[in-house]
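Notes follow the structure.
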Protein chains: 2
Amino acid sequence: MVVKSNGLALASRRVLSDVVTDDLRDAILSHDLEPGIRIAEDGLAIQLGVSRGPVREALMRLEREGLVTIERHKGARVASWTETDIEEIYSMRSAMEILAIEWACKNATAADLDAMEEILTRFSKLTDKQRTRKKISQFDLEFHSALFASAHHDRLNRTWEVLRSQIHALLVYTWSSDIKINKAYLPAWGPDHRKIVEVIRTKQTKKAKTLINSHIEGGLARISSHFKEGPKDISSK
Amino acid sequence: MVVKSNGLALASRRVLSDVVTDDLRDAILSHDLEPGIRIAEDGLAIQLGVSRGPVREALMRLEREGLVTIERHKGARVASWTETDIEEIYSMRSAMEILAIEWACKNATAADLDAMEEILTRFSKLTDKQRTRKKISQFDLEFHSALFASAHHDRLNRTWEVLRSQIHALLVYTWSSDIKINKAYLPAWGPDHRKIVEVIRTKQTKKAKTLINSHIEGGLARISSHFKEGPKDISSK
DNA sequence: ATACTGTTGTTTGTTAACAACAATCCTTTG
DNA sequence: CAAAGGATTGTTGTTAACAAACAACAGTAT
């Protein structure tokens with residue numbers, strides 16, 4: 001099959017395996033493909049109208065992101081989540097964010113700080129109705145991505161990309177369970193993050209580290225409480 | 001080309017892309033392929049007597065390990081190292097090892113502790129002549145791998161695998177420069193690591209964290225001093 | 001009924017050929 | 001002579017067909 005520009009021209013040289021990767025990631029994160037479900041290379045290839053090559057590559061990349069698991073000669077499955085995964089992911093996240101804010105205090109440029117502020121500004125303009133769980137999570141991930149970017153630490157950012165996908169997947173999972181969100185958390189979102197920008201700007205490294213640590217701990221507590229009331233493992237087999 | 005069992009039967013189901021990955025990794029870590037050098041898929045494929053598929057897969061895996069860099073439509077190069085890379089790698093390592101020892105204090109089994117001890121015992125039996133820089137580094141990586149394993153934290157271990165490869169590559173690079181090793185470090189290797197096992201056994205988490213931190217800092221200082229006297233970047237283009 | 005074995009079907013692993021892209025060199029033109 | 005442009009060459013991206021591994025099942029012997 002020839003690459004067809006479906007409607008809009010592809011701006012950058014996006015290669016087929018990129019498209020498949022993004023499509024598949026979206027499908028997983030939007031919960032179109034449920035955790036535990038089997039993904040056959042050929043099936044997906046036919047469905048997307050491409051050959052198995054790019055699909056194979058996409059699956060490998062998503063395995064690295066932790067969104068799918070691959071077993072030799074047995075194929076790929078959408079990753080499923082247990083409480084252990086939450087502990088692992090959040091302990092990694094905590095360590096990574098501390099490192100990130102440390103480097104951000106040293107390396108953040110004015111543009112980096114502006115980028116973070118801009119996200120907060122956009123959030124502040126949302127009406128209460130617009131502040132859905134999903135929306136908040138999106139802003140949250142976006143903000144923290146900006147934080148990691150401001151650290152200017154390539155390897156750290158690559159690790160964050162992986163974590164980000166997994167955290168996203170976890171959040172999607174908690175959305176699907178209809179436990180009501182902790183209302184006390186909503187109004188604090190803006191101020192909490194604004195404080196973080198502030199300590200980075202003033203380069204209070206020590207304070208920054210403790211601040212981000214408790215920030216992440218709070219996130220863990222929230223997601224963890226949601227999770228414990230749901231099933232332990234969403235994969236059937 | 002058909003898979004030929006070269007001499008001995010392959011114990012586990014090793015697939016062709018695994019073989020290529022390992023071969024290529026060895027070639028890079030043994031400095032057969034120098035940093036910055038170009039790797040063409042076809043060339044390597046012909047050289048190894050396989051098709052481009054497995055080679056492509058191997059390159060992708062090694063990119064994730066940080067041993068090669070891939071640019072779209074431009075192919076792969078063996079990664080080259082600068083002082084920035086050292087800072088990045090060691091700051092990551094520090095954060096990861098602290099997390100590892102924290103989890104090890106909680107999760108290490110008797111078998112885990114034995115495994116670490118066993119490595120130290122093997123090292124103690126080496127004669128002074130055998131304690132080359134290369135040998136010491138191998139033992140060091142092995143010990144720290146055992147430490148990470150004892151944390152029983154899958155994601156942490158996957159991150160360590162990546163770091164391990166990169167540290168290995170860095171060490172190889174410092175070996176190739178003929179700066180003489182810090183003699184004071186040699187006799188301390190055994191006792192230093194034994195202390196680490198001890199704090200894990202006695203679950204002194206707090207003490208363990210500070211201990212491992214200074215341990216890694218020491219490693220950074222050593223490698224860093226070696227590096228600064230050599231060229232900043234080993235890649236020519 | 002149960003354990004074993006051969007068979008069949010499905011899926012992944014591998015290959016070789018084709019298409020698209022990037023870099024280089026050479027030609028053409030100002 | 002320099003710069004723009006176009007063919008050329010080498011490399012990566014993609015495809016489709018083939019080979020090998022696994023899983024499920026049926027049939028047979030005990």
Side-chain angles (χ1 to χ4, degrees), chain A residues 1-6 8-25 33 36-64 67-79 235-237, chain B residues 1-6 8-25 33 36-64 67-79 235-237:
Chain A
M1 183 225 190
V2 173
V3 179
K4 57 182 171 193
S5 55
N6 47 358
L8 75 163
L10 1 153
S12 171
R13 349 224 160 302
R14 265 166 69 83
V15 102
L16 257 185
S17 54
D18 295 338
V19 178
V20 176
T21 305
D22 291 345
D23 281 5
L24 190 51
R25 189 192 295 106
L33 292 172
I37 208 170
R38 178 79 187 287
I39 305 176
E41 291 177 4
D42 208 33
L44 184 58
I46 291 169
Q47 193 176 326
L48 296 177
V50 301
S51 75
R52 280 177 50 213
V55 170
R56 213 178 150 74
E57 237 179 89
L59 287 171
M60 285 183 59
R61 291 188 204 167
L62 293 175
E63 191 208 19
R64 145 162 117 184
L67 294 186
V68 310
T69 58
I70 296 179
E71 279 181 297
R72 231 201 307 276
H73 287 288
K74 294 172 85 176
R77 291 184 177 284
V78 176
S235 80
S236 39
K237 104 172 159 185
Chain B
M1 181 226 190
V2 173
V3 179
K4 56 183 170 193
S5 57
N6 47 359
L8 76 164
L10 6 150
S12 171
R13 349 228 159 299
R14 264 166 71 84
V15 103
L16 217 44
S17 55
D18 294 339
V19 177
V20 176
T21 305
D22 292 344
D23 281 5
L24 190 52
R25 189 192 294 107
L33 292 171
I37 208 171
R38 178 79 186 287
I39 304 176
E41 290 178 3
D42 209 32
L44 184 58
I46 291 169
Q47 193 177 325
L48 296 178
V50 301
S51 76
R52 279 178 51 214
V55 170
R56 210 178 154 75
E57 235 178 91
L59 286 171
M60 285 183 60
R61 292 190 204 165
L62 292 175
E63 191 208 18
R64 145 164 116 185
L67 294 187
V68 310
T69 58
I70 296 179
E71 279 181 298
R72 225 199 294 287
H73 286 289
K74 294 172 86 177
R77 291 184 177 283
V78 176
S235 80
S236 40
K237 102 172 163 191

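Reminder, nothing fancy here: chain letters follow the sequence lines and each chain counts from 1. Computed from a predicted structure; not experimentally measured.
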Can you list the steps and then say if I39(B) with L24(B) is a side-chain contact (heavy atoms from CB on, under 4.5 Å)? CA-CA 10 Å; I39(B) 304 176; L24(B) 190 52; 4.3 Å; yes

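- Across the protein-nucleic acid pair, M60(A) atom CE and dG13(D) atom P stand 13 Å apart, rounded to whole Å.
- Residues passing the side-chain contact (heavy atoms from CB on, under 4.5 Å) test with I37(A) are L33(A), V78(A), sequence neighbours excluded.
- At dG13(D), none of the side-chain N or O atoms of R72(B) fall inside 4.0 Å of OP1 or OP2 (strictly under the cut-off).
- Residue S17(B) places at least one side-chain N or O closer than 4.0 Å to OP1 or OP2 of dT14(C).
- The side-chain hydrogen bond (donor to acceptor under 3.5 Å, both in side chains) check on D22(A) picks up R14(A), R25(A), with sequence neighbours excluded.
- Computed from coordinates, the R14(B) CZ to dT14(C) C1' distance equals 16 Å when rounded to whole Å.
- Every residue two or more places apart in sequence or in another chain was checked for a side-chain hydrogen bond (donor to acceptor under 3.5 Å, both in side chains) with R64(B), and none qualifies.
- Taking atom CG of L16(B) as the reference point, atom P of dT12(C) lies 18 Å away to the nearest angstrom.
- Note: CZ (R56(A)) to P (dG13(D)) measures 16 Å, nearest angstrom.
- If you take CD1 of I70(A) and C1' of dG13(C), they are 13 Å apart, rounded to a whole angstrom.
- Straight-line distance from the CZ atom of R52(A) to the P atom of dA19(D): 15 Å, rounded to whole Å.
- Ranked by how close their nearest DNA chain D nucleotide is to the 5' end, G53(A) and D42(B) are led by D42(B).
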Grab the N/O contacts between the protein and nucleotides 8-11 of chain C below 3.5 Å, and write none if there aren't any.
| unit_1 | atom_1 | unit_2 | atom_2 | d |
| --- | --- | --- | --- | --- |
| dT11(C) | O3' | R38(A) | NH2 | 3.1 |

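- Spacing between atom CG of D18(B) and atom C1' of dT14(C) amounts to 13 Å, rounded to whole angstrom units.
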Side-chain donor/acceptor pairs under 3.5 Å, residues 44-52 of chain B, sequence neighbours excluded:
| unit_1 | atom_1 | unit_2 | atom_2 | d |
| --- | --- | --- | --- | --- |
| R52(B) | NE | E41(B) | OE1 | 3.0 |
| R52(B) | NH2 | E41(B) | OE1 | 2.9 |

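- Salt bridge present: R61(A) and D18(A) bring a charged side-chain N and a carboxylate O closer than 4.0 Å.
- Of all heavy-atom pairs spanning T69(B) and E63(B), the tightest one is CA-CG, 4.4 Å.
- Going from atom CG of L48(A) over to atom C1' of dG13(D) covers 17 Å, rounded to whole Å.
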